[in-house]
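Encoded as structure tokens, the structure appears first; notes follow it.
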Amino acid sequence: MPAAVLAALACPVCGTGLAVDGRGLGCAHGHRFDVAKEGYAGLLTGHRPATTGDTKEMVRARQEFQEAGHYAPLAERLAGLAADHGPSGEGVVADAGAGTGYYLRAVLDALPRAAGLALDVSKFALRRAARAHPRAGAAACDTWRGLPLRPGGAALLLNVFAPRRPAEFHRVLDPSGALIVVTPTARHLAELVSALDLVSVDARKEERLEEGLAGHFTRVHREELEVGLRLAPEEARALVAMGPSARHLDAGGLGARLAALSAPVETTASFAVSVHRPRHG
């Protein structure tokens, strides 16, 4: 765990600082947390989350798809926005819902003095995120219950295709920091969604995003990024297997339709990318 990340962490039980305690982490009030052999800190508390996040199979599919470079344009754009809106010097970049740490890695490459923290509820994702970048640490947490960070502990907050809790994001973000959010537009993978009858994006998704953030953040930038994809059958299967439709492979014949793919598939990835600054007062 990089020193800057450790200094920004907070006990998820009482909110006080955390320090290395033997082979784990602990706070002054006696709360102790294990560090997995893969390197991520287990900071989940209370009852098991309603969802345990991405499965082993989903994470494997995501890793394969990302490392093939299909979403590299999005990672590159996030790196550019981080360079424009993130810390110019030292600071912590926290990725809430980091998955494998793919996007956090690109951002840290663009911010050579910053440290990173990958936050996710899936232990399978965290095993990979903990190794995503030499200046990054990783911790298990449930965004809906809160982030294990001190107030103002993050100089930049990323939220890419993940749940968000605006009040909590505002609490952990430095007053001069920025929040970068990525959501799929209604056009995202439209050709593939139509051909395979996949789970589609809610047309009001971005509207609900703005409504949710408005009380705590001001949007200062928005853009759309579209990437044309030509996928081999196995790549199309990986794309489906890493997203929400993966939980419905046994329903409605989706698994059979995927298995029947035999020719390259052309579709368009469509993303809405926005930058937000915390409101004050």
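These numbers come from a predicted model, not from an experiment.
Ala129 and Ala118 make their closest contact through CB-CB, 3.7 Å (heavy atoms, listed as atom of the first residue, atom of the second, distance). Here the closest non-hydrogen pair linking Ala61 and Ala241 is CB-CB, 3.8 Å. What you find for Arg150 and Ala7 is that their closest heavy atoms are NE-O, 3.1 Å. Between Thr143 and Arg165 the shortest heavy-atom distance is O-CD, 3.6 Å. Across all their heavy atoms, Thr45 and Pro12 have their closest contact at CG2-CG, 3.6 Å. Minimum heavy-atom separation, Val275 to Ala178: CG1-CB, 4.2 Å.
Rounding to the nearest 0.5 Å gives a distance of 10.5 Å between NE2 of His170 and CG of Leu179. Annotation: the span from Leu43 atom CG to Leu18 atom CG amounts to 6.5 Å, rounded to 0.5 Å. The CG atom of Asp120 lies 9.0 Å from the OG1 atom of Thr100; values are rounded to the nearest 0.5 Å. The line from CG of Leu147 to CG of Asp142 is 9.5 Å long, rounded to the nearest 0.5 Å. For the atom pair CZ (Phe124) and NZ (Lys56), the distance works out to 6.5 Å, reported to the nearest 0.5 Å. To the nearest 0.5 angstrom, His85 atom NE2 is 13.5 Å from Ser176 atom OG.
For Asn159 (side chain) and Arg164 (main-chain N/O), no donor-acceptor pair under 3.5 Å exists by modelled atom type. For Ser122 (side chain) and Asp54 (main-chain N/O), a donor-acceptor pair under 3.5 Å exists by modelled atom type. Judged by distance alone, with hydrogens and angles left aside, the side-chain atoms of Arg62 form no donor-acceptor pair with the main-chain N or O of Gly99 at under 3.5 Å. Of the possible polar contacts, none joining the Arg219 side chain to the Ala214 backbone as a donor-acceptor pair under 3.5 Å is found. Side chain of Arg222 to main chain of Val220: no donor-acceptor pair is present (N/O by atom type, distance under 3.5 Å, no hydrogens or angles).
Between Arg105 and His133 the shortest side-chain heavy-atom distance falls below 4.5 Å. You'll find the side chain of Leu158 reaches within 4.5 Å of the side chain of Val93, heavy atoms only. Between Leu81 and Glu223, some side-chain heavy-atom pair lies under the 4.5 Å cut-off. In this structure the side chain of His276 never reaches within 4.5 angstrom of the side chain of Thr218, judged on heavy atoms. In this structure, Val121 and Cys141 have side chains that are not in contact, with every pair of non-hydrogen atoms separated by 4.5 Å or more. In this structure the side chain of Leu156 never reaches within 4.5 angstrom of the side chain of Leu173, judged on heavy atoms. Two residues are said to be in side-chain contact when any heavy atoms from C-beta on lie closer than 4.5 Å; Pro175 and His280 meet this criterion. Annotation: side chain of Arg187 is not in contact with side chain of Thr268 (no heavy-atom distance under 4.5 Å).
Sequence neighbours left out, the pairs with a member in residues 13-26 that pass side-chain hydrogen bond (donor to acceptor under 3.5 Å, both in side chains) are Asp21-Arg32. The side-chain hydrogen bond (donor to acceptor under 3.5 Å, both in side chains) contacts involving residues 86-95 comprise nothing, where partners must be two or more places apart or lie in separate chains. Among pairs with a residue in residues 231-241, those fulfilling side-chain hydrogen bond (donor to acceptor under 3.5 Å, both in side chains) read His70-Glu235, at least two apart in sequence or across chains. Residue pairs that meet the salt bridge (charged side-chain N to carboxylate O under 4.0 Å, His left out) test with at least one member in residues 127-138, sequence neighbours left out, are Glu38-Arg127. Residue pairs meeting the salt bridge (charged side-chain N to carboxylate O under 4.0 Å, His left out) criterion with at least one member in residues 265-274, sequence neighbours excluded, are Arg230-Glu266.
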Please evaluate residues Val227 and Tyr71 with respect to the criterion side-chain contact (heavy atoms from CB on, under 4.5 Å), reporting the C-alpha separation (whole Å), side-chain torsions for both, the decisive distance (0.1 Å), and the verdict. CA-CA 8 Å; Val227 181; Tyr71 282 0; 5.8 Å; no
Are Val92 and Asp174 close enough, and set up right, to give a side-chain contact (heavy atoms from CB on, under 4.5 Å), and what steps lead you there? CA-CA 10 Å; Val92 172; Asp174 185 278; over 6 Å; no
Assess whether side-chain contact (heavy atoms from CB on, under 4.5 Å) is satisfied between Val193 and Thr267, documenting all intermediate values. CA-CA 9 Å; Val193 169; Thr267 189; over 6 Å; no
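Ala72 pairs by the side chain to side chain contact (heavy atoms under 4.5 Å, CB included) definition with Glu76, Tyr102, not counting sequence neighbours.
Two different hydrophobic clusters hold Val181 and Trp144 under the rule that ILVMFWY side chains link at heavy-atom gaps under 4.5 Å. Residues Met58 and Leu126 do not share a hydrophobic cluster, clusters being chains of Ile/Leu/Val/Met/Phe/Trp/Tyr side chains in contact below 4.5 Å. By the rule that hydrophobic residues join a cluster once side-chain heavy atoms approach within less than 4.5 Å of another member, Leu111 and Leu119 end up as members of separate clusters. Residues Val5 and Leu157 are members of one and the same hydrophobic cluster, defined by side-chain heavy-atom contacts under 4.5 angstrom among Ile, Leu, Val, Met, Phe, Trp and Tyr. Cluster membership for Leu209 and Val182, using ILVMFWY side-chain heavy atoms within less than 4.5 angstrom, is not shared.
Using bins of under 30°, 30° to 60° and over 60° for the plane-to-plane angle, the ring pair His31/Phe33 lands in the tilted bin.
Here the two rings, on Phe169 and Phe217, have centers that are 6.0 Å apart or farther. Aromatic ring centroids of Phe271 and Phe161 lie under 6.0 Å apart.
The neighbour count for Asp34 CG, taken as heavy atoms of other residues, nucleotides or ligands under 6.0 Å away, does not exceed 12.
In summary, Glu211 and Arg208 do not engage in a salt bridge, as defined by a charged side-chain N under 4.0 Å from a carboxylate O.
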